Amino acid sequence: MDDRAIDGIFLGCLDNLPPVVDMRWGVRDEATDDHMTTDLCMREIENCQRLSMGPNFVTFLGQKYGYRPIPTIIDGKEFRMIHDTLGLMSQDTSLLDRWYREDTNAVPSVFVLQPISSVLVNFNNKRAPKLQAADQATWWDTLDKLQKMLRKAANTLYISKRIDHEAMHNYMMSVTEREVINGILKVPNTRNHCLAYIRQINAVDMTNLKEVSKFIDTLGRTVDIEAQKLLTDLRDVRLVQKIEASNSVKYTINWCGKEGLAVKYHQDYLKEFTAHFYKHITRLVDRAMRKEDLSSQGHIVTEILQHLQAGKNSVSTFQGREYELDRIKNYIMSKSVEPFVLHGKGGCGKTSLLAKAASMMVVWSPKGTKPILTLRFLGTTPDSSSVVPMLTSVCQQIMYNYMMPWEGIPDDLIPLIAFTKRLLTKITYEQPLYIFLDSVDQLSGPSDANKLTWLPTRIPDNVKIVISSASEGKPKNTICSKKC
């Protein structure tokens with residue numbers, strides 16, 4: 001999370017919030033069927049970059065360039081050039097026609113690689129293992145043929161200067177290279193987020209191809225020269241030019257025994273590698289935490305973010321209530337010095353209404369100002385369930401935006417209430433403050449906190465407070481009753 005994201009959270013911005021992501025292990029068969037494996041890998045890298053404060057990408061590159069899929073989507077004009085080029089080479093293009101279908105809904109049109117099971121119906125049929133095995137074998141043979149056709153045509157078009165190097169390379173590239181491109185080569189700050197480990201195995205025993213193919217790209221009974229050239233350019237040229245030397249290390253070892261690598265032969269290498277990995281991963285984590293956790297900043301960021309995410313979720317399903325929104329808008333734009341209270345029976349929509357109104361502060365605040373939104377859904381987190389931690393976090397958020405030191409916030413309720421009231425008098429026109437507190441009846445604390453004795457009855461200029469509370473029958477103990 002960068003400084004701009006932190007500032008946005010303290011301001012109470014509901015846009016571009018880091019989402020809560022359920023990271024999944026492995027790739028389902030359905031993803032392979034729909035050729036979504038590469039896209040899934042790229043999305044996971046994006047998730048890590050968006051969510052991780054510290055290390056978010058580590059690459060381990062040896063001597064294997066890896067799996068090279070064919071493009072899932074090809075530009076219509078480019079596909080036709082490939083098709084025509086293969087025709088001029090007297091190549092049978094029926095395989096391309098069978099597996100790529102034109103999508104004319106796209107503008108410009110594209111050709112889309114069809115799901116495997118749409119042609120080979122038993123590819124995912126686990127109930128018929130023999131039929132499944134036969135279709136899977138057919139697919140991998142078909143893929144090999146499609147790879148050769150597309151690469152040959154793309155290379156010819158590149159040599160004749162009808163497509164550029166990037167377009168040509170798209171047909172040659174491995175998933176590993178795409179991951180390194182997105183995880184390191186395109187990243188502006190690799191120093192705080194990326195590590196690279198490179199391993200070179202010398203004296204490889206090429207007579208044991210079964211074991212060798214685990215470490216080196218092979219083609220038939222020989223090394224895949226094309227894949228090795230692509231790997232060399234990625235690993236030894238572009239990667240080392242991009243990543244800092246302190247974040248990269250290269251190991252050179254010898255092939256030993258039948259398996260090439262074994263603990264009994266390479267204990268020193270493995271110990272050095274694991275020690276280096278642990279040391280540098282923890283270094284990046286510690287660096288991120290020191291930057292993020294300035295005193296209690298890390299904790300308050302998490303607290304604010306949880307409430308902003310809850311508000312965003314509520315707003316996503318909100319509809320109607322124009323009359324109530326107009327009343328809140330009129331209050332926000334007025335010179336009222338009293339809080340605005342939404343009250344009603346449980347389930348009448350107070351929380352969603354409050355969240356929607358909070359999301360409108362950038363629109364409703366005066367032009368040229370930089371509004372600060374302090375949003376809390378009380379009772380949903382430990383720090384929003386009782387008065388003292390709730391008021392403390394509100395004060396911290398306000399003080400961050402006004403660049404005040406966090407020292408001096410009282411721990412006891414009475415002086416904390418007085419401190420909060422004094423803090424509100426420092427709010428300026430240029431940075432108006434909007435405090436939205438949902439379900440104040442859920443607060444617990446000393447002196448019967450739900451009587452709202454902690455809430456100012458008169459608020460200073462440039463501050464507006466909107467609260468919600470459940471009420472049965474005629475409301476009691478409300479300050480400025482505006483029924484929802």
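Treat the numbers as computed from the prediction; the structure is a model and nothing was measured. Numbers here are sequence positions counted from 1.
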All heavy atoms of D441 vs all of S469, minimum pair found to be OD1-CA, 3.5 Å

request  = Report the relative orientation of the aromatic rings in F111 and F79; use parallel for angles under 30°, tilted for 30 to 60°, perpendicular for over 60°.
outcome  = parallel

In this structure, OG of S174 is separated from CG of D217 (nearest 0.5 Å) by 8.0 Å

| query | Counting N and O atoms only, with roles assigned by atom type, does the side chain of K186 sit under 3.5 Å from a partner on the main chain of V180, one being a donor and the other an acceptor? | reply | no

Rounded to the nearest 0.5 Å, the CG atom of L325 sits from the CG atom of N330 at a distance of 11.0 Å

Exercise. Compare all side-chain heavy atoms of N247 with those of H280 and state whether any distance is below 4.5 angstrom.
Key: no

_Just so I know, are the side chains of F215 and I201 near enough to count as touching, which here means a heavy-atom distance under 4.5 Å?_
yes

When every non-hydrogen atom of C194 is compared with those of G183, the smallest separation belongs to SG-O, 3.3 Å

CG of L354 to CD1 of I328, rounded to nearest 0.5 Å, is 7.0 Å

- Message: Using the rule given for side-chain hydrogen bond (donor to acceptor under 3.5 Å, both in side chains), can you reason through S109 versus E102, listing the C-alpha separation, both sets of side-chain angles and the distance that settles it, and then say yes or no?
- Response: CA-CA 7 Å; S109 69; E102 186 174 13; 2.9 Å; yes

| task | Could you tell me whether D164 atom CG has more than 12 heavy atoms of other residues or ligands within 6.0 Å of it? | result | yes

When you look at CG of D411, are more than 12 heavy atoms from neighbouring residues, nucleotides or ligands closer to it than 6.0 Å? no

Distance col, row R43:CZ vs E46:CD, nearest 0.5 angstrom, shows 8.5 Å

Sidechain-backbone polar pair: R235 side chain, L61 backbone, donor-acceptor under 3.5 Å:
no

Check: Is a donor on one side and an acceptor on the other found under 3.5 Å between the side chain of S52 and the backbone of Q49?
Finding: no

Is the ring pair F277/F60 parallel, tilted or perpendicular, if the boundaries are 30 and 60 degrees? tilted

Across all chains, not counting sequence neighbours, the side-chain contact (heavy atoms from CB on, under 4.5 Å) partners of I216 are Q63, V204, V212, V223, Q228

query: In terms of side-chain heavy atoms, does S468 have a donor or acceptor partner in D438 at a distance below 3.5 Å?
result: yes

* Asked: L113 versus I70: any side-chain heavy-atom pair under 4.5 Å?
  -> yes

Next item on the list: Return yes if some donor-acceptor pair links the side-chain N/O of S386 with the main-chain N/O of V388 below 3.5 Å, else return no.
Entry: no

Applying side-chain contact (heavy atoms from CB on, under 4.5 Å) to T38 and not counting sequence neighbours gives M42, P69, V175, R178

Quiz item: Just wondering, do V249 and I198 contact through their side chains at under 4.5 Å, heavy atoms?
Solution: no

Could you tell me whether the side chain of Q397 and the main chain of V301 form a donor-acceptor pair under 3.5 Å? no

>> Using the rule given for side-chain contact (heavy atoms from CB on, under 4.5 Å), can you reason through S384 versus F377, listing the C-alpha separation, both sets of side-chain angles and the distance that settles it, and then say yes or no?
In response: CA-CA 7 Å; S384 67; F377 294 89; over 6 Å; no

Hits for side-chain contact (heavy atoms from CB on, under 4.5 Å) against K421, two or more places apart or cross-chain, chain-then-number order -> I417, P456

Check your understanding: Can you check whether V466 reaches L342 side chain to side chain, under 4.5 Å on heavy atoms?
Key -> yes

Heavy-atom closest pair (L373 atom, A358 atom, distance to 0.1 Å) is CD2-O, 3.6 Å

- Give the intermediate values and the outcome of side-chain contact (heavy atoms from CB on, under 4.5 Å) for residues L284 and H193. CA-CA 7 Å; L284 294 183; H193 302 293; over 6 Å; no

Here the gap from N192 atom CG to R283 atom CZ, rounded to the nearest 0.5 Å, amounts to 8.5 Å

Close side-chain approach of L375 to I435, heavy-atom, < 4.5 Å: no

Check: Any side-chain donor paired with an acceptor under 3.5 Å for E244 and T190?
Finding: yes

Applying ring-ring contact (aromatic ring centres under 6.0 Å, His included) to Y402 and not counting sequence neighbours gives none

In terms of heavy-atom contacts, Y434 and S365 come closest through OH-CB, 3.3 Å

Will you find, in the side chains of Q306 and R376, an N or O donor that is under 3.5 Å from an N or O acceptor? no

Q) Does M36 offer a backbone N or O that forms a donor-acceptor pair with the side chain of D34 under 3.5 Å? A) no

Give a yes or no answer on whether the side chain of Y100 reaches the backbone of T72 with a donor-acceptor pair at less than 3.5 Å. no

For K329, does the NZ atom sit with more than 12 other heavy atoms under 6.0 Å from it, leaving out its own atoms? no

- Message: Evaluate Q200 against K250 for side-chain contact (heavy atoms from CB on, under 4.5 Å), listing each step before the verdict.
- Response: CA-CA 8 Å; Q200 177 74 33; K250 182 175 182 178; 4.1 Å; yes

For L239 and A196 the tightest heavy-atom approach is CD2-CB, 4.0 Å

Start with the C-alpha distance between R327 and E324, add both sets of side-chain angles, then the distance that settles salt bridge (Lys or Arg N to Asp or Glu O under 4.0 Å), and finish with yes or no.
CA-CA 5 Å; R327 291 194 66 184; E324 290 85 352; over 6 Å; no

Checklist entry - Do the side chain of S118 and the main chain of P115 share a donor and acceptor less than 3.5 angstrom apart? => result yes

Could you tell me whether E259 and K264 have a side-chain N and a carboxylate O separated by less than 4.0 Å? no

Subject >> Close side-chain approach of Q267 to L270, heavy-atom, < 4.5 Å >> reply: no

Distance only, no hydrogens: is a donor on one side chain within 3.5 Å (strictly under) of an acceptor on the other, for S393 and D383?
no

- Item | No-hydrogen, no-angle side-chain donor-acceptor test under 3.5 Å, H35 and Q114 | no

Please examine the side chains of C348 and K350, heavy atoms only from C-beta on, and report whether any two atoms are closer than 4.5 Å. yes

Across all chains, not counting sequence neighbours, the ring-ring contact (aromatic ring centres under 6.0 Å, His included) partners of H266 are none

Smallest heavy-atom separation, I372 atom then Q431 atom, equals CD1-NE2, 3.9 Å

| said: Donor-acceptor pair, distance only, cut-off 3.5 Å: does the side chain of S352 make one with the backbone of G349? | reply: no

The reported gap from OG1 in T425 to CD1 in I459 (rounded to nearest 0.5 angstrom) is 13.0 Å

- Query: Quick check: does any side chain N or O of T369 sit under 3.5 Å from a backbone N or O of P371, one acting as donor and the other as acceptor?
  - Reply: no

Note to self: Testing the 3.5 Å rule here: is there a donor-acceptor pair between the side chains of E303 and H307?
What the structure shows: yes

Margin query: side-chain contact (heavy atoms from CB on, under 4.5 Å), that's the test. Do T59 and I243 meet it? Break it down for me.
Written below: CA-CA 11 Å; T59 183; I243 198 165; over 6 Å; no

Residues pairing under salt bridge (charged side-chain N to carboxylate O under 4.0 Å, His left out) where one sits in residues 59-76, two or more places apart or in two chains, turn out to be R68-D224, R68-E226

